[in-house]
There are 2 protein chains.
Amino acid sequence: MSTPGRGLHGHVLDTLGPAITAGEYPPGSVLRTDELAQHFEVSRSVMREAVRVLESMHLVESRRRVGVTVRPKAEWNVYDPQVIRWRLAGADRPHQLRSLTVLRSAVEPVAAGLAAQHATAEQCAELTECALGMVANSRGHRLEEYLVHDIAFHRVVLTASGNEMFARLGDVVAEVLAGRTHHEVMFEDPDPAAVTLHVRVAEAVRAGDAVRAEELTRQITVGALQELDILAP
Amino acid sequence: MSTPGRGLHGHVLDTLGPAITAGEYPPGSVLRTDELAQHFEVSRSVMREAVRVLESMHLVESRRRVGVTVRPKAEWNVYDPQVIRWRLAGADRPHQLRSLTVLRSAVEPVAAGLAAQHATAEQCAELTECALGMVANSRGHRLEEYLVHDIAFHRVVLTASGNEMFARLGDVVAEVLAGRTHHEVMFEDPDPAAVTLHVRVAEAVRAGDAVRAEELTRQITVGALQELDILAP
DNA sequence: TGTGACGTATAAGTCTGACTTTTTGTCTCC
DNA sequence: GGAGACAAAAAGTCAGACTTATACGTCACA
């Protein structure tokens, strides 16, 4: 998905990042750069670079004469894709998945409405293609093929919205959808109603009907919330 | 707001970050660590740490034998508060302000609805207090005092939603509101209708009326969109 | 006993220089 | 003109010495 483990400091982050986000070091814990460097068998320079990255994510704070202290969860940069990945890979996964699904429920309908206004002809075509791909793979346990088209569909909607902030949530939505297929619910074929909704969203966007695109997408996200029992069914 | 300029590498970032986000180095530009270190009169170690931070924000990519190349804007971590601040401080400000306001219009109504369901008694009290503070400073060019309560109001709503992703947008919303008062529109006293809406949101949240809180907040954000001419008036 | 000033130990911060590794561009040779 | 070898360039890594800020303990004084 991105660029993991690039260089020694990246390898350190691959271990330390998940450990911190998983709560292995509770907020206020103090780490010492020298000790960490010894533990990971890297030089202090490399360790310092890793700490700087964690600091830029607001996971830790480095202070003289004190050390590297872990910050409380409320201060983390929870929108950092790296942080999201670390949390999705750890024990925090269910909680993180719920937070992200709620975020989706807020963002995607609005994004779909904007997409209806701003999507290019090419994006409309892509959207239709994705929706058709979902239909084609909606039966017969072709979950992986279905997932690919589902992810592409939502990514196109977010991009076509014309808002860069929305567009950058494409990766996050991809993680959520993939997580749903691979780890959580979804052992059966996808809900036919959901598939139909995607097709209708594609139609609405193509027709430039913002209100309908927004409402239909809202129905999709409501379904996602229900799957996680966030809404009453 | 946060912790700027901590250490030498922080000072380098304060200059280099805004320069990159402002587009002074177009995507694909190649920087050399050694040259940068000379230019900023710091050691290579310090420069490397700064580059690592920029890399974690996906602003640049560092590759052997090539150098530090600036990534296209579409790949930046636009949710990083630091990146947002840099962009708001530069020529990209109007565009960034629009993106964020659209994001607000998606997130805040949903957050308000959740807040109506999850807010504690204390949060309800805070909310009412903020709304009253807005009313009290809504006339007579007390823009600064009004702003403080406005920011606090929205921060409480986002926090009370109980969703960590929403809560972390508090700082972003604060920047947008402050930007509106200090740089853009808003030379006159705030729109009385908007003030009333805030009061009614506080009431709805206190009453646990999620639908009404969401709808009223949507009206607030629609107003914000109209101010920037994003919606037709 | 409480409080203030002072000194010291500590851990991060910085700098330097040497060395390694990877990658790219080029040059030769077939 | 293409394949392979070579060389240069820039990031990456490491070790060691030094600087700086600061938390904490100590001691004198009220």
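Residue numbering restarts at 1 for every chain, and letters A, B, ... go by the order of the sequence lines.
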Task: Presence of A/Arg63 side-chain N/O under 4.0 Å of D/dA23 phosphate oxygens OP1/OP2 - done: yes
TODO: Look at the side chain of B/Arg32 and decide which nucleotide, out of D/dC14, D/dA10, C/dT14, has an atom nearest to it.
DONE: D/dA10
Open item on the list: Categorize A/Ser45 for me: base, sugar-phosphate, or nothing, with a 4.0 angstrom heavy-atom threshold over every strand shown.
Closed with: base
Task: Proximity to the side chain of A/Arg64 - top-ranked nucleotide from C/dG13, D/dA11, C/dT14 - done: C/dG13
Task: Aromatic ring pairing A/Tyr79/B/Tyr79, orientation class (parallel under 30°, perpendicular over 60°, tilted between) - done: parallel
Task: Nearest-nucleotide comparison on DNA chain D, the residue closer to the 5′ end among A/Ser43 and B/Ser62 - done: B/Ser62
Task: Side-chain donor/acceptor of A/Glu49 to backbone N/O of A/Val46, under 3.5 Å - done: no
Open item on the list: Determine whether a donor-acceptor pair (N or O, by modelled atom type, separation under 3.5 Å) exists between the side chain of A/Arg104 and the backbone of A/Val173.
Closed with: no
TODO: Could you tell me whether A/Arg48 contacts a base, only the sugar-phosphate backbone, or nothing, with contacts defined as non-hydrogen atoms closer than 4.0 Å?
DONE: base
TODO: Classify the nucleic acid contact of A/Val51 as base, sugar-phosphate or nothing, counting any heavy atom under 4.0 Å across all strands shown.
DONE: nothing
TODO: Report the distance from atom CD of A/Glu61 to atom P of C/dA12, rounded to the nearest whole Å.
DONE: 13 Å
Task: Value in whole Å for how far the C1' atom of D/dA10 lies from CD of B/Glu35 - done: 11 Å
Task: Upstream residue (5' side of DNA chain C) when A/Arg65 and A/Thr33 are each assigned their closest nucleotide - done: A/Arg65
TODO: Output yes when a side-chain donor or acceptor of A/Ser161 lies under 3.5 Å from a complementary backbone atom of A/Ala115, and no otherwise.
DONE: no
TODO: Looking at every strand, decide which applies to B/Arg44 at a 4.0 Å heavy-atom threshold: base, sugar-phosphate, or nothing.
DONE: base
Open item on the list: Expressed as a whole number of angstroms, how long is the span from B/Met47:CE to C/dG13:P?
Closed with: 17 Å
- [ ] Starting at atom CD of B/Glu41, determine the distance to atom P of C/dT14, rounded to an integer number of angstrom.
- [x] 15 Å
- [ ] For A/Leu31 and C/dT10, give me the distance from atom CG to atom P, rounded to whole Å.
- [x] 19 Å
- [ ] To the nearest Å, give me how far apart CG (B/Asp34) and P (C/dT16) are.
- [x] 12 Å
Task: Test item: A/Arg142 side-chain N/O and A/Asn137 main-chain N/O as donor-acceptor pair under 3.5 Å - done: no
Open item on the list: Is B/Arg52 close enough to D/dG12 that one of its side-chain N or O atoms is under 4.0 Å from OP1 or OP2 there?
Closed with: yes
Task: Rounded distance in Å - NE2 (B/His9) to C1' (D/dT20) - done: 17 Å
TODO: Report the distance from atom CG of B/Leu8 to atom C1' of D/dA21, rounded to the nearest whole Å.
DONE: 13 Å
